[in-house]
Amino acid sequence: MGIWDSILPGGSRRFIKRKDSDAGEAGRALEELRGSLYNDFHTSEGAKRQQQRLCGPIVALTFNFVVAVGIIMANKMVMGTVGFNFPVALSLIHYLFALALMAVLKALYLLPVAPPSKSTPFSSLFALGAVMSFSTGLANISLKHNSVGFYQMAKIAVTPTIVVAEFILFKKRVSLRKVITLVVVSFGVAIATVTDLEFNFFGACVALAWIIPSAVNKILWSNLQQSGNWTALALMWKTTPITIFFFVVLMPLLDPPGLLSFNWDLKNSSAIITSALFGFLLQWSGALALGATSALAHVVLGQFKTIVIMLSGYLVFKSDPGFTSLCGAVIALAGMSVYTYLGMKESATSSRRNSLNSRQNSHVMKSKVIVDGEKPETKPMDFV
């Protein structure tokens, strides 16, 4: 201690005591940080806040758009080059791969916690898993048995189905301006893409059967995330086993025979695993987009992807879709721009209304405190 006394005469004990105090404060700060991180990642409310903070509408829609383009290329390789013509089996492989990845995340304590089981009835989760299997499986079968034009016509029909279904289920109304915009978008997409309406009776039945599950699937994904504390991954973890069960039932009914005799060499298996990885990312990004926006916005994004892919082929690969298709693409993009503007305007109006109501409620509470003669509490408030 002589050295410390010569450097800090008379203050060595105070210096050491101050160092111990600093260490205690650092330890408490570290514990508070650990507790905050635990609440953020290991409670359903904290996980929901983290998803909303890190993955807003623009990030979610962009993520979903990029992955959707990637899975188109991956599935073209699997269906074309590899020759894996088992659409339901491919969907089953996608979901098995997704379940395995989420199991690894859960083992590493990286999977967000689901809300309490009492908050969401099992019937809702079961319905979501069932319609997911029918939506994904029937979409792949429709793409296999129908021309691109007929497949696009079925996709366009999903938009009015969502509007009607949301009104029936949740009494949700769409403004007249948005309805007109959606009609313009659907008209433009139809002109741009519907060029080969080859009719196939079985394919037409599959396409019609796919429309309702596709619409209900988007509505349920969006509603469960926005009305409760569900995150995309937590909801996927709960519903994926149900979806896999229905795929196992549908596969022998809808897939052709010969799955076991397929050539499962390294090249083919690698292509299928790559497709499965993109399938997991597509499901996750789609769930994030539905949680951050709405079912209608996700449908418009799907139509936007179709138009962008067509225009990219024209601009980059010098393909010639024709003057009529280009005019339809321009009409569709204009309609999508107006729809986005209306959505942002309504969102801003809703935010201002909620802020005004919050201030009014705060004023009423303060007035009530003064009238009752009570002193307001000084406890800190948590802001979400």
Side-chain angles (χ1 to χ4, degrees), residues 63-104 132-152 154-155 193 195-196 198 200 202-203 206-207 209-210 213-214 217 236 240-241 243-287 302 305-306 308-310 312-313 316-319 321:
F63 181 29
N64 184 240
F65 173 79
V66 173
V67 173
V69 175
I71 199 172
I72 289 174
M73 305 302 295
N75 283 347
K76 277 187 176 182
M77 181 185 300
V78 171
M79 296 287 189
T81 306
V82 175
F84 190 83
N85 295 315
F86 307 97
V88 179
L90 182 62
S91 301
L92 175 61
I93 294 172
H94 285 187
Y95 280 82
L96 287 172
F97 186 82
L99 185 64
L101 283 179
M102 288 186 289
V104 172
M132 170 66 80
S133 63
F134 281 96
S135 173
T136 306
L138 292 175
N140 289 336
I141 297 171
S142 175
L143 188 59
K144 178 181 177 181
H145 291 278
N146 288 313
S147 63
V148 175
F150 201 94
Y151 179 74
Q152 290 297 333
K155 287 180 65 176
T193 60
T195 56
D196 55 335
E198 298 177 4
N200 178 285
F202 177 76
V206 171
W210 167 77
S214 177
N217 174 51
M236 287 168 59
T240 297
T243 305
I244 289 173
F245 168 77
F246 279 95
F247 276 140
V248 172
V249 174
L250 291 174
M251 188 172 62
L253 299 176
L254 298 176
D255 266 358
L259 176 63
L260 297 179
S261 60
F262 180 75
N263 183 20
W264 294 93
D265 59 12
L266 180 61
K267 177 184 176 182
N268 295 346
S269 300
S270 299
I272 293 173
I273 291 174
T274 301
S275 173
L277 175 60
F278 275 103
F280 166 72
L281 294 176
L282 180 67
Q283 184 188 359
W284 183 27
S285 62
K305 287 183 287 190
T306 302
V308 168
I309 290 172
M310 188 201 75
S312 298
V316 178
F317 301 106
K318 306 302 180 182
S319 63

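Because only heavy atoms are used, hydrogens play no part in the values below, and waters and symmetry mates are left out as well, while side chains stay in.
In terms of the side chain to side chain donor-acceptor pair (under 3.5 Å) criterion, residue partners of Asn263 (sequence neighbours excluded) are, by chain and number, Asp265. Here Ser275 pairs with Ala74, Asn75, Val78, Leu90, His94 under the side chain to side chain contact (heavy atoms under 4.5 Å, CB included) rule; sequence neighbours left out. Taking the ring-ring contact (aromatic ring centres under 6.0 Å, His included) definition, one finds that Phe97 meets it with nothing, sequence neighbours left out. Phe65 meets the ring-ring contact (aromatic ring centres under 6.0 Å, His included) test with Phe304; sequence neighbours excluded. Not counting sequence neighbours, Ser214 has no partner by the side chain to side chain donor-acceptor pair (under 3.5 Å) test. Qualifying ring-ring contact (aromatic ring centres under 6.0 Å, His included) partners for Phe262, counting only residues two or more places apart in sequence or in other chains: Phe84, Trp264.
To the nearest 0.5 Å, the span separating CE on Met236 from CG on Leu101 amounts to 9.0 Å. Interatomic distance, Asn217 CG to Thr243 OG1, rounded to the nearest 0.5 Å: 8.5 Å. Rounded to the nearest 0.5 Å, atoms CD1 (Ile71) and CZ (Phe278) are 8.0 Å apart.
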With side chain to side chain contact (heavy atoms under 4.5 Å, CB included) as the test, would you mind laying out the steps for Met132 and Phe246 before giving the verdict?
CA-CA 9 Å; Met132 170 66 80; Phe246 279 95; over 6 Å; no

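Between Thr240 and Ile244, the closest side-chain pair of non-hydrogen atoms falls below 4.5 Å. With contacts defined as side-chain heavy-atom distances shorter than 4.5 Å, the pair Trp210/Lys155 qualifies. Counting heavy atoms from C-beta outward, Tyr95 and Gln283 have side chains that approach closer than 4.5 Å.
Nearest heavy-atom pair across Pro213 and Ala209 is CD-O, 2.9 Å. Nearest heavy atoms, Asp255 versus Pro87: OD1-CD, 3.3 Å. The heavy-atom pair separating Asn64 from Gly286 by the smallest distance is ND2-N, 3.3 Å.
Phe63 and Trp284 have perpendicular rings, their planes meeting at more than 60° on a 0 to 90° scale where under 30° would count as parallel.
In this structure, Ser142 contributes its side chain and Leu138 its backbone to no donor-acceptor pair below 3.5 Å. With hydrogens and angles disregarded, no donor-acceptor distance shorter than 3.5 Å links the side chain of Thr136 to the backbone of Ser133.
Environment of CE in Met251: crowded, with over 12 heavy atoms of neighbouring residues, nucleotides or ligands closer than 6.0 Å.
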